[in-house]
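Only this structure's heavy atoms are used, side chains among them; waters, hydrogens and symmetry mates stay out.
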Amino acid sequence: MHYHCTRDSQQTVSAAQAIAQGISENGGLFVPESFPQYTHADLEVMAGCTYQERAVKILGDFLTDFSKEEIEDCVAQAYAPEKFSGGNPAPLSLVQNGAVHMYLLELWHGPTCAFKDMALQLLPHLLTRSVSKTGSGKTSVILVATSGDTGKAALEGFKDVAGTRILTFYPENGVSPMQKRQMCTQEGGNVGVCAIEGNFDDAQTGVKRIFTDPAMRDRLASHNMAFSSANSINWGRLLPQIVYYFSAYCDLIRTGEIDYAGEQVNVVVPTGNFGNILAAYYARKMGLPVKRLICASNSNNVLTDFLRTGVYDRNRPFYTTMSPSMDILVSSNLERLLYDMTGCDDAKVSGWMRELSETGRYQVDGDLLEKLRALFYAGYCGEEDTLRTIRELYRTENYLCDPHTAVAVDVYRQYVEETGDSATPSIVASTASPYKFADSVLRAVSDGPAAGESEFDKVAELSALTGTQIPAPIAALQDKAVRFEDSCAPQEMDRAVLRLLGIG
């Protein structure tokens with residue numbers, strides 16, 4: 001299996017090189033040359049497997065320059081029972097919201113209480129092996145832009161991993177207090193964290209600029225270092241996310257919740273950088289029986305507008321919301337979708353990405369828009385509706401969810417009301433523990449303002465009010481010392497990188 005660049009199809013690399021490098025030097029993303037196909041009989045077989053066994057199967061079909069034993073070892077270390085509470089990394093919960101019932105795919109039982117753990121507990125093992133296979137011998141400098149959850153999950157995954165350094169940039173006023181606390185107290189001798197005076201798009205643009213700067217690459221090379229990425233622009237980050245959609249479907253077969261392998265489901269994803277829903281799209285391309293992909297946005301609804309009109313326009317107000325991991329106006333992984341749905345037309349994709357960089361806007365052709373509309377439903381949910389959804393789920397179902405999951409649930413409700421499609425079983429990606437957003441969740445489920453002032457007071461109050469247990473990784477943060485308090489302007493990120501690496 002080889003991988004091509006979305007902006008130059010002639011550029012071909014191995015799986016190991018795609019993972020080690022993270023992003024093409026021209027800014028394009030790596031995609032597989034083909035996708036393995038799974039039949040309904042294959043799904044029946046996988047239904048009898050564990051999550052880890054399903055992961056080994058799917059990863060092995062993409063990472064053909066890895067041995068089965070290597071992949072088994074990576075998977076065993078990533079999804080060890082002590083890392084994911086309850087033993088199953090991605091359990092399903094059946095809940096209702098009024099007349100709408102859905103299966104919430106809980107992806108937040110890992111070390112940092114967010115769905116990013118599902119990939120970022122695995123990526124360090126894949127990356128270190130990839131670097132070894134490519135023979136560079138260089139220290140991998142993992143550069144991360146985060147809107148909240150990726151940063152902590154990447155820091156935790158790469159903490160003290162030999163041959164790596166990891167640097168994370170986050171928007172100073174664009175993450176929840178708990179997300180900030182998680183990052184700034186991060187342990188490990190190879191980690192660095194810096195806030196930026198801007199939003200996530202500023203951080204992501206800065207990271208991409210640094211990645212493609214020849215002078216920065218040369219500077220690192222002179223110290224035997226090379227950049228790589230833990231954002232979902234890295235194929236090694238995106239690939240593990242395909243697994244949990246297959247696993248959820250197989251669990252529905254195993255428990256009898258769907259009648260037969262081949263019965264269609266909908267998949268609903270709260271979406272920011274488009275990686276999580278792209279993984280569901282790829283799963284469908286591989287044979288998972290998905291009817292509609294439902295793309296849920298918050299008030300930063302650039303994807304909703306694009307999937308409805310074919311116009312991508314980031315020239316709009318930016319909103320800081322209670323679902324910060326979706327506060328994004330430039331969705332990087334959309335580039336991979338465009339490449340696939342245009343039949344791998346790198347010239348078209350390059351043109352659109354150039355327009356986006358130069359003008360902040362591009363428009364796809366009518367044929368592509370028709371394809372997008374046929375497969376995707378797109379909607380968005382504002383702040384008041386997010387609070388209302390959290391409140392309704394708790395009061396009617398005794399189910400506590402975070403704001404990102406609430407956005408997905410509300411947009412799914414909109415989909416059912418608009419289409420009448422309430423019969424198709426639907427899997428909703430639940431992406432974070434409610435305790436990472438205790439202030440917002442507490443406002444939703446209580447009858448008055450929080451009694452405590454600190455974030456940990458609110459966490460304790462939420463637990464006492466709802467009778468739910470505080471996740472151990474959240475509880476442990478209270479006594480950890482803050483290690484990182486640096487901040488910089490977006491245009492100073494390159495200097496911050498050198499400073500954090502000690503080569504500035």
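Not a single donor-acceptor pair under 3.5 Å links the side chain of Asn231 to the backbone N or O of Ile233. Using modelled atom types, one side-chain atom of Arg483 and one backbone atom of Gly188 make a donor-acceptor pair closer than 3.5 Å. Looking at Asn298, its side chain does come within 3.5 Å of a backbone N or O of Ser323 through a donor-acceptor pair. Side-chain N or O atoms of Asp65 include one that pairs as donor or acceptor with a backbone N or O of Ala16 at under 3.5 Å. In this structure, Asp8 contributes its side chain and Ser350 its backbone to no donor-acceptor pair below 3.5 Å. Under a 3.5 Å cut-off, the side chain of His404 and the backbone N or O of Ser325 do form a donor-acceptor pair. Not a single donor-acceptor pair under 3.5 Å links the side chain of Ser357 to the backbone N or O of Arg354. When atom types are taken as modelled, the side chain of Arg314 and the backbone of Leu356 share a donor-acceptor pair closer than 3.5 angstrom. Checking side-chain atoms of Gln52 against main-chain N and O of Tyr79 turns up a donor-acceptor pair under 3.5 Å. Remark: side-chain polar atoms of Thr271 are not paired, donor with acceptor, to backbone N or O of Ser297 under 3.5 angstrom.
Met326 CE to Ser147 OG: the interatomic distance, rounded to the nearest 0.5 Å, is 10.0 Å. To the nearest 0.5 Å, atoms CG (Asp439) and CG (Asp457) are separated by 11.5 Å.
More than 12 heavy atoms of other residues, nucleotides or ligands lie within 6.0 Å of CZ in Phe62, so this atom counts as buried by the packing criterion. Heavy-atom neighbours of Tyr319 OH from other residues, nucleotides or ligands within 6.0 Å: at or below the threshold of 12. Heavy atoms of other residues, nucleotides or ligands lying less than 6.0 angstrom from CD of Glu82 number more than 12.
Applying the salt bridge (charged side-chain N to carboxylate O under 4.0 Å, His left out) rule to Asp486 yields the partners Arg499; only residues at least two apart in sequence or on another chain are considered. Remark: Arg308 pairs with no residue by the salt bridge (charged side-chain N to carboxylate O under 4.0 Å, His left out) rule, at least two apart or across chains. Asp149 meets the salt bridge (charged side-chain N to carboxylate O under 4.0 Å, His left out) test with Lys436; sequence neighbours excluded. Taking Pro471 as the reference, Cys113, Ser433, Tyr435, Pro473, Ile474 meet the side-chain contact (heavy atoms from CB on, under 4.5 Å) condition, with sequence neighbours excluded. Scored by the side-chain contact (heavy atoms from CB on, under 4.5 Å) test, Ser85 finds His109 as partners (sequence neighbours excluded). The salt bridge (charged side-chain N to carboxylate O under 4.0 Å, His left out) check on Glu492 picks up Arg495, with sequence neighbours excluded.
Identified under the side-chain hydrogen bond (donor to acceptor under 3.5 Å, both in side chains) test for residues 192-204, with sequence neighbours left out: Gln204-Asn273, Gln204-Ser332. Sorted by first and then second residue, the side-chain hydrogen bond (donor to acceptor under 3.5 Å, both in side chains) pairs with a member in residues 151-172 read Lys152-Glu156, Lys152-Gln186, Glu156-Lys159, Glu156-Gln186, Thr164-Asn190; sequence neighbours excluded. Counting only residues at least two apart or in different chains, side-chain hydrogen bond (donor to acceptor under 3.5 Å, both in side chains) contacts with residues 333-345 comprise Thr6-Glu335, Arg7-Glu335, Ser9-Tyr339, Ser232-Asn333, Tyr281-Asp340, Lys285-Asp340, Asn333-Arg336. Residue pairs that meet the salt bridge (charged side-chain N to carboxylate O under 4.0 Å, His left out) test with at least one member in residues 14-24, sequence neighbours left out, do not exist here. Sorted pairs that involve residues 224-247 and meet salt bridge (charged side-chain N to carboxylate O under 4.0 Å, His left out), not counting sequence neighbours, are lacking altogether.
Residues Phe437 and Met322 come closest through the heavy atom pair CD2-O, 4.0 Å. Nearest heavy-atom pair, Pro490 versus Ile196, reported as atom, atom and distance to 0.1 Å: CG-CD1, 4.4 Å. Residues Asn300 and Pro317 come closest through the heavy atom pair OD1-O, 4.0 Å. The heavy-atom pair separating Ser229 from Ile142 by the smallest distance is C-CG2, 3.9 Å. Smallest separation of non-hydrogen atoms from Cys295 and Val411: O-CG1, 4.1 Å. The two atoms that bring Asn234 and Ala18 nearest to each other are OD1-O, 4.1 Å, heavy atoms only.
Ring planes of Trp235 and Tyr3: tilted class, angle from 30 to 60°. The aromatic rings of Phe274 and Phe376 sit tilted relative to each other, their planes meeting at an angle between 30° and 60°.
In this structure the side chain of Arg316 reaches within 4.5 angstrom of the side chain of Asp305, judged on heavy atoms. Taking the side chain as every heavy atom from C-beta outward, Tyr51 and Met118 approach each other to under 4.5 Å. Looking only at side-chain heavy atoms (C-beta outward), Met353 and Leu338 come within less than 4.5 Å of each other. Within the 4.5 Å cutoff, the side chain of Tyr282 has heavy atoms near those of the Val31 side chain. The shortest distance between side-chain heavy atoms of Leu105 and Val267 does not fall below 4.5 Å. At a threshold of 4.5 Å between non-hydrogen side-chain atoms, the residues Phe484 and Thr185 do not count as touching. Under the 4.5 Å side-chain criterion, counting only non-hydrogen atoms from C-beta, Val302 is in contact with Tyr312. A heavy-atom distance below 4.5 Å is not found between the side chains of Leu167 and Cys194.
Electrostatic pairing of Glu383 and Arg443 does not count as a salt bridge here, judged by no charged N lying under 4.0 Å from a carboxylate O.
Side-chain atoms of Gln11 and Ser24 form a donor-acceptor pair, as typed in the model, at a separation below 3.5 Å. Asn276 and Tyr245 share a donor-acceptor pair across their side chains, judged by distance under 3.5 Å alone.
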Given salt bridge (charged side-chain N to carboxylate O under 4.0 Å, His left out), test Glu455 with Lys180 step by step and report yes or no.
CA-CA 11 Å; Glu455 191 69 7; Lys180 182 175 181 178; over 6 Å; no
Cut-off 3.5 Å, no hydrogens considered: what does the side-chain donor-acceptor table look like for residues 122-132, sequence neighbours left out?
| unit_1 | atom_1 | unit_2 | atom_2 | d |
| --- | --- | --- | --- | --- |
| Thr128 | OG1 | Pro124 | O | 3.0 |
| Thr128 | OG1 | His125 | O | 3.2 |
| Arg129 | NH1 | His125 | O | 3.4 |
| Arg129 | NH2 | Asp73 | OD2 | 2.4 |
| Ser130 | OG | Leu126 | O | 2.8 |

